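To keep things clear, I will list the structure first and then write my remarks on it.
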Amino acid sequence: GDSVTQMEGPVTLSEEAFLTINCTYTATGYPSLFWYVQYPGEGLQLLLKATKADDKGSNKGFEATYRKETTSFHLEKGSVQVSDSAVYFCALSHTGANSKLTFGKGITLSVRP
Amino acid sequence: DTEVTQTPKHLVMGMTNKKSLKCEQHMGHRAMYWYKQKAKKPPELMFVYSYEKLSINESVPSRFSPECPNSSLLNLHLHALQPEDSALYLCASSRRGVSPLHFGNGTRLTVT
C-alpha cells in the first residue's frame with residue numbers, strides 16, 4: 001500500500017534560517033503530492049502541490065519538487081519567520097473519485113525570534 | 001478564512017448524550033469528508049461522500065453516523081461515545097478526481 005515518510009521532529013530554528021523538511025513516499029503509479037500546514041488551533045491548509053514528476057510547487061516562499069527517481073518531495077524555505085511555526089504534513093493521493101489522502105506523521109516546526 | 005465552516009468549534013458531551021457536528025461548504029465541491037485527528041497525529045479518514053452518497057466508510061464504529069442532506073452540508077451524528085473518541089474532528093471537501101482537499105477548522109470534541 002501507499003505510505004509517506006517524514007523526517008523525525010520537532011525542528012527548532014532561528015528566524016531567517018534555511019528550512020528543509022524531508023519527505024519520501026512509496027506508491028504505485030504516479031500519485032499527486034501535497035504539503036499541508038496546520039497552525040495551532042486550526043484545520044489543515046494546503047501549502048503547495050505537484051501532480052507529476054519534476055513539477056515544482058511553491059507558495060508563501062516554500063518550495064518542493066516532485067522527484068520520481070528518488071520518490072521524494074522535500075519542503076524548503078530560504079528564510080523562515082516566526083509565523084511559520086506550525087505542523088507540516090506531507091501527503092499523497094491517486095487519481096480517483098474520492099481523492100483519498102495518505103499522510104505522513106507530520107513534523108512540528110518552531111521558529112524563535 | 002476557511003471556506004469550509006464547521007460548528008460547533010468546541011463540544012463537551014457525556015457518554016450517554018446525542019450530539020451532531022455540522023459542516024458546510026459553498027464551493028460547489030461534490031466530495032465531502034470526515035476526518036478524526038488525535039493530538040500530534042495526522043488526520044485519519046472516517047467517511048467520504050461523493051455526490052451525496054456514502055462511498056467510503058473506514059470501518060468506523062456505528063456510534064458515529066454520517067449524513068449528507070445536500071451537496072453543501074455534511075453532518076456527523078454522535079451517540080454513546082467513549083472517552084477515547086475525544087479528538088479534533090475535521091471536515092473537508094474537494095472536487096472529484098485528484099484535487100486538494102479544503103479543510104475546515106474542526107470541532108474539538110471532549111467526551112466525559
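Below, read A as the first sequence line, B as the second, and so on, with proteins coming before strands; counting in each chain starts at 1. Bear in mind that the values here come from a model prediction, so they are computed numbers and not experimental data.
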dist A:F103:CZ -> B:L45:CG (nearest 0.5 Å) comes out at 9.0 Å
Check whether any side-chain heavy atom of A:F34 lies under 4.5 Å from a side-chain heavy atom of B:L101, and answer yes or no.
no
Looking only at heavy atoms, what is the nearest atom pair of A:F89 and B:K41, with distance?
CZ-O, 3.8 Å
Taking only residues two or more places apart in sequence or in another chain, which ones pass salt bridge (charged side-chain N to carboxylate O under 4.0 Å, His left out) with B:E58?
A:K100
Sorted by first residue and then second, give each salt bridge (charged side-chain N to carboxylate O under 4.0 Å, His left out) pair with at least one member in residues 15-30 of chain A; sequence neighbours left out.
none
Part of A:Q45 within contact of chain B (heavy atom distance under 4.5 Å)
neither
If you check every heavy atom in residues 22-30 of chain B against those of chain A, which residues fall under 4.5 Å?
none
Which heavy atom of B:P42 sits nearest a heavy atom of A:G104, and at what distance?
CB-O, 3.3 Å
Going by heavy atoms in the side chains, are B:Y33 and A:L101 under 4.5 Å from each other?
no
Structural part of A:Y36 lying under 4.5 Å from a heavy atom of chain B:
side chain
Between side-chain atoms of residues 56-67 of chain A and protein atoms elsewhere (two or more places apart, or another chain), which donor-acceptor pairs fall under 3.5 Å?
{"residue": "A:N59", "atom": "ND2", "partner": "A:L47", "partner atom": "O", "Å": "2.9"}
{"residue": "A:Y66", "atom": "OH", "partner": "A:P31", "partner atom": "O", "Å": "2.6"}

Proximal component of B:Q6, with respect to chain A [non-hydrogen, under 4.5 Å]
neither
